[in-house]
A.B. asks: 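This is the structure, below, for whatever I ask next.
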Amino acid sequence: QVSLAESGGGLVQPGASLTLSCSASGRIFSGITMGWFRQPPGKEREFVAALTPSLGNIYYADAVKGRFTISRANAENTVNLEMNSLGLEDTAMYLCAATGHPIFGAMYSANEYDYWGQGTQVTVSI
């Protein structure tokens, strides 16, 4: 069993930067993949970025490539999502997810993830 806790959301203006953090605790799989998904208001959940620290595999959604960076934080079992050049379209509840089993691909698929955090709200507004 793994528990996830997100932090770092907030209200920012367009063009601003924001960094989210997700910390995993519990019985953590050594090959864990940690990912970020988001759910804009009135829309379905969508993939943002994912990282498998043990393998160094990273994937990004096209919508955030070049703007967002997922990375392993200094603390163990913690990943950050650095978001730059935020736009109105980035407004969403951002959800952290983690796997309890190996995944060799399809890091973009929400169905691959076993554990989910409660989310942190990011609002981009003028």
Side-chain angles (χ1 to χ4, degrees):
Q1 187 69 30
V2 173
S3 296
L4 302 174
E6 306 102 327
S7 63
L11 174 64
V12 298
Q13 295 182 339
S17 297
L18 202 60
T19 298
L20 308 181
S21 181
C22 176
S23 297
S25 61
R27 301 184 66 177
I28 300 170
F29 171 57
S30 61
I32 189 172
T33 293
M34 299 185 68
W36 287 97
F37 293 77
R38 67 186 183 184
Q39 186 166 3
K43 296 184 178 181
E44 296 182 352
R45 181 175 55 188
E46 63 184 27
F47 172 75
V48 177
L51 166 69
T52 305
S54 63
L55 299 177
N57 294 341
I58 297 176
Y59 293 96
Y60 295 99
D62 288 342
V64 306
K65 285 182 179 178
R67 297 191 299 120
F68 291 11
T69 301
I70 188 171
S71 62
R72 181 179 181 272
N74 291 332
E76 290 187 359
N77 303 314
T78 300
V79 294
N80 292 335
L81 182 69
E82 181 183 1
M83 305 181 294
N84 298 311
S85 301
L86 286 165
L88 301 180
E89 68 276 10
D90 296 312
T91 294
M93 179 68 70
Y94 282 72
L95 301 162
C96 181
T99 63
H101 66 278
I103 58 173
F104 306 102
M107 298 173 73
Y108 55 85
S109 175
N111 293 332
E112 293 288 345
Y113 294 84
D114 303 294
Y115 309 103
W116 293 85
Q118 293 184 324
T120 184
Q121 179 68 37
V122 173
T123 301
V124 184
S125 178
I126 300 173

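What you see below is based on every heavy atom in this structure, not just the backbone, and it leaves out hydrogens, waters and symmetry mates. Values in this document were obtained by computation on a predicted structure and should not be read as measured data.
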A.B. asks: Could you walk me through whether Phe68 and Trp36 pass the side chain to side chain contact (heavy atoms under 4.5 Å, CB included) check?
C.D. replies: CA-CA 11 Å; Phe68 291 11; Trp36 287 97; over 6 Å; no
A.B. asks: Show me, pair by pair, the donor-acceptor contacts under 3.5 angstrom made by side chains of residues 18-32, not counting sequence neighbours?
C.D. replies:
| residue | atom | partner | partner atom | Å |
| --- | --- | --- | --- | --- |
| Ser21 | OG | Asn80 | OD1 | 3.3 |
| Ser23 | OG | Thr78 | OG1 | 3.1 |

A.B. asks: Provide the closest heavy-atom pair for Ser85 versus Asp90 in the form atom of the first, atom of the second, distance.
C.D. replies: O-OD2, 4.2 Å
A.B. asks: Pairs of donor and acceptor atoms involving the side chains of residues 51-62, under 3.5 Å and at least two apart or interchain, shall be tabulated with distances.
C.D. replies:
| residue | atom | partner | partner atom | Å |
| --- | --- | --- | --- | --- |
| Thr52 | OG1 | Thr33 | OG1 | 2.5 |
| Tyr60 | OH | Ile70 | N | 2.9 |
| Asp62 | OD1 | Lys65 | NZ | 3.2 |

A.B. asks: Considering non-hydrogen atoms only, spot the tightest contact between Leu81 and Ala49 and give its length.
C.D. replies: CD1-CB, 4.1 Å
A.B. asks: Are Phe47 and Val64 connected in a single hydrophobic cluster, I mean Ile/Leu/Val/Met/Phe/Trp/Tyr linked by side-chain heavy atoms less than 4.5 Å apart?
C.D. replies: no
A.B. asks: Quick one: does Leu4's side chain get under 4.5 Å of Met34's, heavy atoms only?
C.D. replies: yes
A.B. asks: Under the disulfide (SG to SG under 2.5 Å) definition, can you give me all pairs with a residue in residues 97-126, not counting sequence neighbours?
C.D. replies: none
A.B. asks: What pairs of residues pass the salt bridge (Lys or Arg N to Asp or Glu O under 4.0 Å) test when at least one of them lies in residues 95-112, not counting sequence neighbours?
C.D. replies: none
A.B. asks: Can you hop from Leu95 to Val2 via hydrophobic side chains spaced under 4.5 Å?
C.D. replies: no
A.B. asks: Please set out all donor-acceptor pairs under 3.5 angstrom arising from side-chain atoms of residues 114-126, sequence neighbours excluded.
C.D. replies:
| residue | atom | partner | partner atom | Å |
| --- | --- | --- | --- | --- |
| Asp114 | OD2 | Gly100 | N | 2.6 |
| Asp114 | OD2 | His101 | ND1 | 2.7 |
| Thr120 | OG1 | Gly9 | N | 3.0 |
| Gln121 | NE2 | Ala92 | O | 3.4 |
| Gln121 | NE2 | Thr123 | OG1 | 3.3 |

A.B. asks: Which pairs count as salt bridge (Lys or Arg N to Asp or Glu O under 4.0 Å) when at least one residue sits in residues 45-61, sequence neighbours excluded?
C.D. replies: Arg38-Glu46
A.B. asks: For Tyr113 and Ala50, which heavy atoms make the closest approach, and how far apart are they?
C.D. replies: OH-CB, 3.3 Å
A.B. asks: Not counting sequence neighbours, list each pair that qualifies as a disulfide (SG to SG under 2.5 Å) and has a residue in residues 24-55.
C.D. replies: none
A.B. asks: Any chain of hydrophobic side-chain contacts (each under 4.5 Å) joining Val48 to Val12?
C.D. replies: yes
